[in-house]
Number of protein chains: 2
Amino acid sequence: MPTIKDVADRAGVSVGTASRVLSGSSSTSPDSRERVTAAAAELNYVANGPARSLRRARTDVLGLLVSDIRNPFFAELAHAAEREAMRRGYTILLANANEDEHQADEYLSIFAAQRVDGLLFSPQGPVSPKLASLVSSGFPMVLLNRTAPGLDIPLYATDNAQGVRLVLDWLRDRGHRDVAFVGGPAAMSTGAERQAAYLAGRADHGITENDAFLDVGNFLADGGEAAMIRILDRGVIPTAVFGVNGPTTMGMVRGLHHRLGSAAAAKIAVVSFDDLDWFEFATPPITALRHDAASIGRLGVQGLLNLIEGLPATSARVPLTLVDRS
Amino acid sequence: MPTIKDVADRAGVSVGTASRVLSGSSSTSPDSRERVTAAAAELNYVANGPARSLRRARTDVLGLLVSDIRNPFFAELAHAAEREAMRRGYTILLANANEDEHQADEYLSIFAAQRVDGLLFSPQGPVSPKLASLVSSGFPMVLLNRTAPGLDIPLYATDNAQGVRLVLDWLRDRGHRDVAFVGGPAAMSTGAERQAAYLAGRADHGITENDAFLDVGNFLADGGEAAMIRILDRGVIPTAVFGVNGPTTMGMVRGLHHRLGSAAAAKIAVVSFDDLDWFEFATPPITALRHDAASIGRLGVQGLLNLIEGLPATSARVPLTLVDRS
DNA sequence: CTGTTAGCGCATTCAA
DNA sequence: TTGAATGCGCTAACAG
């Protein structure tokens, strides 16, 4: 692999000049510029990133730690973040914590070792010591979609309360009183916020305040299914079910089918946080809150780059829309 | 940020000894080992990756370039690859080419600049000059799921011919003669292989050889929808439709709904390459080939690590299973 | 087993 | 505008 010295030799200039031309920083003569560019092209020169990073004490890489890349919400978010980062000259190092705090910590170490310039992070639950020390060291960092107690850094997230209000209105307008709700782990802010908003709004919207209709999952399909089955096994039959996120809702639908059979399941209205692209084909079609994952990803990158450049960054809530398929 | 020199000073040893302890290479006395470890912990020392990479001329990073991270197949594959890589001490740098050859080339440059130790790659179509030069330079590289003409490197992919045979048998057993098929861009090996196998097997399986039932999409939902609509607009009505991948099938279902209405669409059997997790809830439920994305990801990493270590790596085809929901 | 030292490839400072 | 020289943090070679 050719080095900058090879390029300089071939162009008949010093490495200093070659470096100046290749990184386009300070002024160079048109002549040497042309010769260096030509030499680099002929040699197929690609600058050595690690060497460059070592010298400049920055990598132009941003870390993005999502909790589950298989969740379409994060896939979409990651894709948008990546596009925005690339537009601004940064590369994104994407890691998948798989909803596992231990893995998240492991990736935090990897990011630290790689000396990423900043971090976009979707916390798994309580703040780990590693995360706390990273934050308190002033490392540039923003939160995506979830927060955690004691983390005073910019957050780019869905407007959960507004979304839940849309769902509550929808339920009331259709006369649903017996509504099953499956939330997420209390340790995750998304789950907590959505659950709190739902519980607070139930009475006002004519929904039975019977906690037999409530349970919690793990934000994954299997947890939603298990929770749904626990609810049904308490002997209650809802007229509508509401899942705290896409995978949870999918699990709930599975639970309904397995416990009640397809015919009975088809009579129960389903509404979900997160719109998955197959919801329109379900029986009955599933009404859902669609959140703008792409906007969150873009805003997150913009906020983080502000932080890196020493500018202020302010949190933002992105509104949801209800896709009514009833 | 503390450097190895800080650790050495605090432990009262030389940087050489500190390095040996921290990278666990050659033998060190229990005494210095303990003191260095303690000092590193107290200082919150994290080795500088770029410096380490520069010196060792390797990064312990593998590049993974997928064609669309929002496709659940690749999300699953990426996740499995990442797990396997981590198990072997490597980090994966994940990039999303978004089915765009230009973006793919851009990422190839980024990978080259970052000096990744090897590359897992899912080609977009024809081989770009940049890719060709990378391959001919002997850079460690394996192909995932797709190949391209003239690329003589290990391939880890679905056994397309075997999968299509399963579908053809299924169609014949149910007496379908008028089957609509939407393929993918001819430039992509997956599409080409599947389409070739389908066309070759039609006659033997009692399927009408009327090309009005054939069209091509772009592996995405919108392309599948457009292709389905073109087929219907030719005045033919299939009794079954077969999509070349998950998003294409989804688009086809959309096209059926929009053109024929839900009632008529519900009478048409649907079978798909790729099993998406909502297919069981569609009306009618969609029969699908399930491929083992996780195995492909794991095998890819294993093959690539073999290559990196100078061992031989051999291509492998991973069999599919048909999930019959009829 | 340990300390000293060279050098990985690059950007940047200082003189010229 | 340019060349020479320095050092980023680390590992490995060498000598002890």
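Computed from a predicted structure; not experimentally measured.
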Q: Only pairs at least two apart or in different chains count here, so list each salt bridge (charged side-chain N to carboxylate O under 4.0 Å, His left out) that has a residue in residues 127-136 of chain B.
A: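 Of all non-adjacent pairs touching residues 127-136 of chain B, none passes salt bridge (charged side-chain N to carboxylate O under 4.0 Å, His left out).
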Taking only nitrogen or oxygen atoms into account, show me every contact under 3.5 Å that the protein makes with nucleotides 6-8 of chain D, one pair per line with its distance.
unit_1: D:dG7; atom_1: N2; unit_2: A:R55; atom_2: NH1; d: 3.1

(Q) Are the side chains of A:T28 and A:V36 in contact, using a 4.5 Å heavy-atom criterion? (A)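 The answer is no; the side chains never approach within 4.5 Å.
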Q: Scan residues 15-22 of chain A against DNA chain C and write down, sorted by residue number, each residue with any heavy atom closer than 4.0 Å; if none is found, say none.
A: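 Here the set is A:G16, A:S19, A:R20.
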Q: Not counting sequence neighbours, which residues clear salt bridge (charged side-chain N to carboxylate O under 4.0 Å, His left out) with B:D9? List them please.
A: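 Once residues adjacent in sequence are excluded, the partners of B:D9 under the salt bridge (charged side-chain N to carboxylate O under 4.0 Å, His left out) criterion are B:K5.
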Q) salt bridge (charged side-chain N to carboxylate O under 4.0 Å, His left out) with A:E193: which residues, sequence neighbours excluded? A)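 Partners of A:E193 by the salt bridge (charged side-chain N to carboxylate O under 4.0 Å, His left out) criterion, ordered by chain and then number, come out as A:R317.
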Could you pull out all residues at least two apart from [X] that satisfy side chain to side chain contact (heavy atoms under 4.5 Å, CB included)?
X: A:D100; answer: A:H102, A:Q103
X: B:E76; answer: A:R70, B:A293, B:A294
X: A:V46; answer: B:A112, B:A113, B:R115

Q: Keeping the roles fixed (side chain from A:R146, backbone from A:P123), state whether a donor-acceptor pair exists under 3.5 Å.
A: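 Indeed, once roles are kept as given, a pair shorter than 3.5 Å links the two residues.
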Q: Using five base pairs at each end, measure the axis-to-axis angle across the helix from C:dC1-D:dG16 to C:dA16-D:dT1 and round it to 10 degrees.
A: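 The value is 40°.
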When the side chains of residues 87-95 of chain A are checked against the rest of the protein, which donor-acceptor pairs come out under 3.5 Å, sequence neighbours left out?
unit_1: A:R87; atom_1: NE; unit_2: A:E84; atom_2: OE1; d: 3.3
unit_1: A:R87; atom_1: NH2; unit_2: A:E84; atom_2: OE2; d: 3.0
unit_1: A:Y90; atom_1: OH; unit_2: A:R58; atom_2: NH2; d: 3.2

Q. Which pairs count as ring pair (Phe, Tyr, Trp, His ring centres under 6.0 Å) when at least one residue sits in residues 51-86 of chain B, sequence neighbours excluded?
A.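 Checked against ring pair (Phe, Tyr, Trp, His ring centres under 6.0 Å) - neighbours excluded - the pairs reaching residues 51-86 of chain B are B:F73-B:H291.
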Q: With a 4.0 angstrom cut-off to heavy atoms of chain A, pull out the first and last contacting nucleotide of DNA chain C, in 5'-to-3' order.
A: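 First and last nucleotides in contact are C:dG9 to C:dT13.
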